[in-house]
Amino acid sequence: MIVNTEYADISLSGSPMRTFVAAPKAEGQYPGIWCYSDIFQLTPPLLRTCVRLAGYGFLAAAPEIYRRIEPPGTVIPFDDDGRIRGQQDAAKTPVAHFDADCRAGLDWLSQHPKVARGKIGAVGFCIGGHLAFRAAFQPDVHATVCYYGTGIHDGKLGQDADAGSLARGREIRGELLMIFGTKDPHVPDAGRETIDRALQESGVRYKTLLYPAEHAFTRDEGPRFDPEATDLAFAEMVRLFRKVFRPVTGTDSWSNLANPRQLR
């Protein structure tokens, strides 16, 4: 599908939440996916992922996660100084602020004219994987994909030493897909086992996928990029979203897309 892109400023107290929006050009309504970046905010790799997702028949909206700290339009570089800056921005942000912005963003997304009513999902990468996990607590989020989410296993998120995310797993009503690289030092074997055990106990409908890849393996800039693992994981994400948001035939334009069973 051909895709249109734009930036939208969601009006909130303090600074607006600048959001990159990629959507199918064709008229109609599509499932809306709230897309969380890593600590570097809206970098070219993240934008390309959003555009690619939109090309499969979704409206992808990615907010700046540090809107209270960084000026609108700030993209943090992929270097040592940028990594420190992104980590410091995260450390200054209370989880309550992340959660409030999540709720405001989901409300905005649900009212977007190109988003189909009741079809909201979330995806996130690194810290964004943890933020997407928390977005899944919201009752209107029906499918969530967490790519190598940091801090889920030990609770660390932003300014909070323990956000208690795993303990709230029972609040997740939709389906959940957890994606990890087995060579990721930020989420080691023990951490993944902790997550798996907690999700089993909470009764969440979830699936975990492991790839022989490093942290941030989907970022198509830098030495850790793994194209095959990225493509395989992306196909699983699309499969989940299409399964959950599959419309009744003929009810909206999204029903004209390929049957999700063709993704093999």
Side-chain angles (χ1 to χ4, degrees), residues 1-12 16-37 42 46-65 67 99-125 128-129 131-147 172-177 205 233-263:
M1 302 185 76
I2 296 175
V3 172
N4 286 338
T5 63
E6 63 178 349
Y7 285 91
D9 284 340
I10 301 175
S11 181
L12 298 173
M17 183 160 56
R18 181 154 297 177
T19 301
F20 176 77
V21 181
K25 182 178 180 180
E27 293 296 323
Q29 292 186 314
Y30 304 87
I33 311 298
W34 194 239
C35 305
Y36 279 115
S37 71
L42 304 186
L46 189 279
L47 302 190
R48 286 192 286 270
T49 297
C50 290
V51 169
R52 186 181 180 194
L53 184 57
Y56 281 79
F58 304 94
L59 183 145
E64 292 180 342
I65 61 174
R67 62 107 181 167
D99 289 347
D101 286 351
C102 173
R103 187 61 262 169
L106 294 175
D107 289 342
W108 176 86
L109 185 63
S110 68
Q111 296 300 314
H112 194 285
K114 294 206 74 166
V115 171
R117 184 181 181 89
K119 295 181 180 179
I120 299 293
V123 62
F125 303 81
L131 296 176
F133 187 88
R134 293 184 68 84
F137 302 157
Q138 301 298 320
D140 48 345
V141 175
H142 300 294
T144 302
V145 181
C146 303
Y147 280 85
I172 298 175
R173 298 168 176 81
E175 295 197 36
L176 184 65
L177 177 61
R205 290 174 293 162
F234 188 90
E236 292 290 345
M237 173 175 62
V238 171
R239 182 178 287 111
L240 173 65
F241 287 153
R242 284 186 166 177
K243 181 186 76 169
V244 171
F245 299 121
R246 185 183 303 170
V248 177
T249 302
T251 58
D252 60 35
S253 60
W254 198 63
S255 63
N256 296 322
L257 297 176
N259 189 293
R261 286 175 294 181
Q262 294 177 1
L263 272 175

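Predicted, not measured: the structure shown is a model, and the values here were computed from it.
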Item to check | Contact summary for Ile10 and Gly105, nearest pair of heavy atoms | outcome: CD1-CA, 4.5 Å
Next on the checklist: Please evaluate residues Trp34 and Val141 with respect to the criterion side chain to side chain contact (heavy atoms under 4.5 Å, CB included), reporting the C-alpha separation (whole Å), side-chain torsions for both, the decisive distance (0.1 Å), and the verdict.
Outcome noted: CA-CA 9 Å; Trp34 194 239; Val141 175; over 6 Å; no
Checklist entry - Is a donor on one side and an acceptor on the other found under 3.5 Å between the side chain of Thr5 and the backbone of Val3? => result no
Checklist entry - side chain to side chain contact (heavy atoms under 4.5 Å, CB included) between Phe133 and Thr144: does it pass, once the steps are laid out? => result CA-CA 7 Å; Phe133 187 88; Thr144 302; 5.8 Å; no
Checklist outcome for this item: Looking only at heavy atoms, the pair that brings Cys146 and Leu176 closest together is SG-CD1, 4.0 Å
Next on the checklist: If you define the side chain from C-beta out and look only at heavy atoms, does anything of Trp108 sit under 4.5 Å from Met17?
Outcome noted: no
Checklist entry - Of all residues at least two apart in sequence or in a different chain, which pass the side chain to side chain donor-acceptor pair (under 3.5 Å) check with Asp101? => result Arg67, Arg68
Checklist entry - Are the side chains of Val115 and Tyr30 in touch, meaning some heavy atoms are under 4.5 Å apart? => result no
Item to check | Distance-minimising heavy-atom pair for Leu46 and Ser37 | outcome: CG-CB, 3.9 Å
Checklist entry - Looking at Phe234 versus Tyr56, is the centre-to-centre ring distance below 6.0 Å? => result yes
Checklist entry - How close do Ala132 and Val123 get, heavy atom to heavy atom, and via which atoms? => result CB-C, 3.7 Å
Checklist entry - Are the side chain of Lys114 and the backbone of Ala26 linked by a donor-acceptor contact shorter than 3.5 Å? => result yes
Checklist outcome for this item: To the nearest 0.5 Å, atom NE2 of His142 lies from atom CZ of Phe241 at 12.5 Å
Checklist entry - Any donor and acceptor pair, going by atom type alone, linking the side chain of Arg173 with main-chain N or O of Gln138 inside 3.5 Å? => result no
Checklist entry - Which residues pass the side chain to side chain contact (heavy atoms under 4.5 Å, CB included) test with Ala60, sequence neighbours left out? => result Cys35, Cys50, Leu53
Next on the checklist: In terms of relative ring orientation, are Phe125 and Tyr147 parallel, tilted or perpendicular, with 30° and 60° separating the classes?
Outcome noted: parallel
Next on the checklist: Nearest 0.5 angstrom please: Leu177 CG to Met237 CE, how far?
Outcome noted: 9.0 Å
Item to check | From CA spacing to verdict: side chain to side chain contact (heavy atoms under 4.5 Å, CB included), Leu131, Cys102 | outcome: CA-CA 8 Å; Leu131 296 176; Cys102 173; over 6 Å; no
Checklist entry - Excluding sequence neighbours, so at least two apart, what forms side chain to side chain donor-acceptor pair (under 3.5 Å) with Asp140? => result Arg103
Item to check | Residues Arg242, Phe58; criterion side chain to side chain contact (heavy atoms under 4.5 Å, CB included); working and verdict | outcome: CA-CA 9 Å; Arg242 284 186 166 177; Phe58 304 94; 3.9 Å; yes
Next on the checklist: Restricting to side chain to side chain contact (heavy atoms under 4.5 Å, CB included), what partner residues turn up for Asp9, sequence neighbours left out?
Outcome noted: Pro16, Arg18
Checklist entry - Could you give the distance from CG (Leu42) to OH (Tyr7), rounded to the nearest 0.5 Å? => result 6.0 Å
Item to check | Distance, nearest 0.5 Å, that separates CD1 of Ile172 from CZ of Phe137 | outcome: 5.5 Å
Checklist entry - How would you list, by chain and number, every residue that makes a side chain to side chain donor-acceptor pair (under 3.5 Å) with Arg48, sequence neighbours excluded? => result Asp220, Glu221
